[in-house]
Amino acid sequence: MKAIAPSPADRLPALLQQVFGYDSFRPLQQDIMAATLAGLDTVAILPTGAGKSLCYQLPALVREGLTVVVSPLIALMKDQVDQLEAAGVAATFLNSTLDATEMGARLAGLDAGAYQLLYVAPERLLAGDFPRKLAGWNVGAIAVDEAHCISEWGHDFRPEYRQLATLRERFPGVPFLALTATATPRVRDDIIGQLRLREPQVFLSSFNRPNLSYRVIPKGKPERQVWEFASARPQDAGIVYCQSRKSTEALAAALRAEGIAAVAYHAGMEAADRGRNQDAFLRDQARVVCATVAFGMGINKPNVRWVIHSDLPKNIEGYYQETGRAGRDGLPADCLLLYSRGDVMKQLRFIDEITDEQAHAIARSQLDRMTEYAEDEGCRRGHLLGYFGEDWPHENCGGCDSCLSPRETYDATLECRKFLSCVFRIRQHGGFTTGLQHIADVLGGGDTEKIRRWKHETLSTYGIGRDKPRAEWVALGRQLLRLDLIRQSQDGFSTVALTDAGRAALKDGRPFLLARPPASLNDSAGAIAKAGDIPCDEGLFEALRAVRKELADARDVPPYVVFSDVSLRHMARGYPADPDSLRRVPGVGERKLADFGGPMLEAIAAWLAEHPRQSFPDLRAAAPVARKMKMENEINGTALATLERYRAGVGIDAIAKERGLAASTIESHLAKAVEFGEKLDPRAFYSPAEEEEMRVALAGHEGPELKSIFEKFGGRISYGQLRLFAAFEKAGPRS
Ligand code: ADP
Ligand code: MG
Ligand code: ZN
């Protein structure tokens, strides 16, 4: 029995299935949609690949009027509209690539209310008589995608985005939804302020990307290493980020010479060449793109299976964004960083040329953070998330080199004592300290100009390390630096001295256990866990890819517009034989079933006529780690942070203030925690009388949408209270 008329939000699950072919929401999607459909301003901060687009696309199908999507790049708009059209959604875009006839037709369609979604660039939105037209199109919601572009603190500031500030006044009654994958508080506050959002609901999820694996290996010959990596994955698309334009072209040429379809991409290329190369990559014609960081935001390609940084990135933000372009589809993807001290030195030389004192200091500290990441012997995922202020409470992430092949430890007492005494002797001898390289020379018994000048061949530690290659002494020195046993001067000469701890260690003769240097590329190549993996008949998968490519080429769209790799893998493990079973494959909605179902079913039948049917373990059983991580993702990020503060006795308003979030957001975090089994006292949130009132009002109410009930209370009871009450009810009687 339904006491209340169904609200639009109740229709979302059915439409998710029919139109997009998915049977469940990703974390936070439904909460975000409910908030915007309730007419609230909303901010969604979710990592790349989390499914932000759906947060405005699906509500657009149930909402009165037109949903306007502000998007920064022409390529991005076209891509999304192609995907929506393939799913049968009435969507369009307006930008400078359209000729007058096409533009006229689309404007007429908008006048006639023929579209549910309109994508536009920010500068167009406010130019000429466009605002007047817009006012006539019954705008029901405004979504600002890549909203960090509005902030100078972000990594992609676009001045055009600043003009959006006036939108709020023009459309006072229309809910805004801002979406971004940039998590820093400064950018978030800037988005809220610049867009003039009103008491926005802020949704912030964990930034962990469970399906990405992280690895750092010593950089040798990068061309060789990239080739080795790419040829070990002959079907997979990947991006290689290089520091210089020249090296993108050299690397692409070298890979092509070895038979790998690679292209280059950088800002110095002719626009036409750049566009062609990007297109080749999106359309699975080029498998590898060697690019500078100019290659990025416009790239919606979901099946990028790996990202290699062949040079050290300048900072961790950039590194996280660039690696984030791998594995948007949720299937496993690998991120590899080739690391060398030489790269650090090279960047230090660049940084030294920065004359502005503040800019110099920032660049230097960013490089230090990046170096710490590369040299860390602990969990890489934990390191990255920690950098963004997120807690990663797990011992082993199951998806980074440190966690998967923990480095062997060995007794390094003798070497360490040799090194430390050498540092001590040098200082004692001349009253000054020297650099790491020189210490290695002394240990190795070298014959250098400095050794002769300073008479270091007379030291008792001279030549006591001849048994080890010089590079190993340098590496050992770095480990001792990290252990804080020695310290480098900050005067630009980086000379090395013992710390108090180092002096003490030398005196008390304690043993040292150290980790062996990192494994090489091949040692751990096969060992990375595959969170998000969907085991399937690889032969059939390849056959389906070929069919998909034909369908895509015929429509002149990239293959992922037809079906994602996830859909194909499901087809290649379930062997659907008729439209009904094909419909159950994730990503197959009604329109795609009608348009592309036939050829896929034919290909599967043809395959089975010649090959045996294979069977695969249940996906849930196959990936317990991935599943656990997914669950933890849901509670871990922001809700967990709230919960911890709450458990520590901090009140809701105080937490809200502390975290810069609305009180109702804090309440919904606590509601989530209750749903996950946290035992809280309802009396802290509402009185017995209020509880009874809510129970009566909610009796017979179905679906997650609480707006109508909220309105009935006329503000006496908050959204947060309603959510908490619903959560307590859902969690069942407390024991
Ligand atoms: P973002 O903008 O957050 O980086 P996208 O909107 O591009 O992410 O979505 C990433 C991928 O996830 C797309 O391939 C999309 O189809 C898929 N996706 C989104 N929502 C769901 C869902 N509920 N179930 C399955 N796949 C989804
Ligand atoms: Mg997006
Ligand atoms: Zn790890």
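Count residues from 1 along the sequence. Given the structure is predicted, the values throughout are model-derived calculations rather than measurements. Each ligand, and each atom within it, is numbered from 1 in the order the structure gives.
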Return the option from [options] holding the heavy atom at the smallest distance from [atom].
atom: atom 16 (O) of ligand 1; options: Phe20, Tyr56, Tyr22; result: Tyr22
atom: atom 6 (O) of ligand 1; options: Ala87, Ser53, Ser205; result: Ser53
atom: atom 2 (O) of ligand 1; options: Arg325, Gln29, Lys52; result: Lys52

What I want to find out is whether Glu538 reaches Arg569 closely enough, with some N-O distance under 4.0 Å, to be called a salt bridge.
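Salt bridge present between Glu538 and Arg569.
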
Ion pair Arg233/Asp334, N-O distance below 4.0 Å:
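Looking at Arg233 and Asp334, the cut-off is met.
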
Under 4.0 Å from atom 13 (C) of ligand 1, do we find at least one protein heavy atom?
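False for atom 13 (C) of ligand 1.
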
What protein N/O/S atoms sit under 2.8 Å from the Zn ion (ligand 3), by chain and number?
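Only Cys379 SG, Cys397 SG, Cys400 SG, Cys403 SG fall inside 2.8 Å of the Zn ion (ligand 3).
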
Should Leu54 be counted as touching ligand 1, given the test is an N or O pair under 3.5 Å?
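Checking ligand 1 against Leu54, no N or O pair falls under 3.5 Å apart.
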
Regarding ligand 1, does Arg328 bring an N or O atom to under 3.5 Å of one of the ligand's N or O atoms?
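N/O-N/O distance under 3.5 Å: yes.
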
Answer yes or no: is there a donor N or O on one side and an acceptor on the other, between the side chain of Arg380 and the main chain of Ser213, under 3.5 Å?
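Between the backbone of Ser213 and the side chain of Arg380 there is no qualifying donor-acceptor contact (under 3.5 Å).
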
Using only atom types and a distance under 3.5 Å, with no angle test, would you say the side chain of Arg548 pairs donor to acceptor with the backbone of Met600?
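Not confirmed, Arg548 side chain does not pair with Met600 backbone.
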
May I ask you to list the atoms of ligand 1 that are less than 4.0 angstrom from any heavy atom of [X]?
X: Thr48; result: 4 (O)
X: Phe25; result: 23 (N)
X: Pro47; result: 3 (O)

For Asp595, enumerate each residue passing the side chain to side chain donor-acceptor pair (under 3.5 Å) test, keeping only those at least two apart in sequence or located in another chain.
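With sequence neighbours excluded, Asp595 shows a side chain to side chain donor-acceptor pair (under 3.5 Å) to Arg555, given in chain and number order.
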
Can a non-hydrogen atom of Gly49 be found less than 4.0 Å from any atom of ligand 1?
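Yes.
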
Hey, does Asp329 sit under 4.0 Å from ligand 1 if you only count heavy atoms?
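Contact check Asp329 vs ligand 1: negative.
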
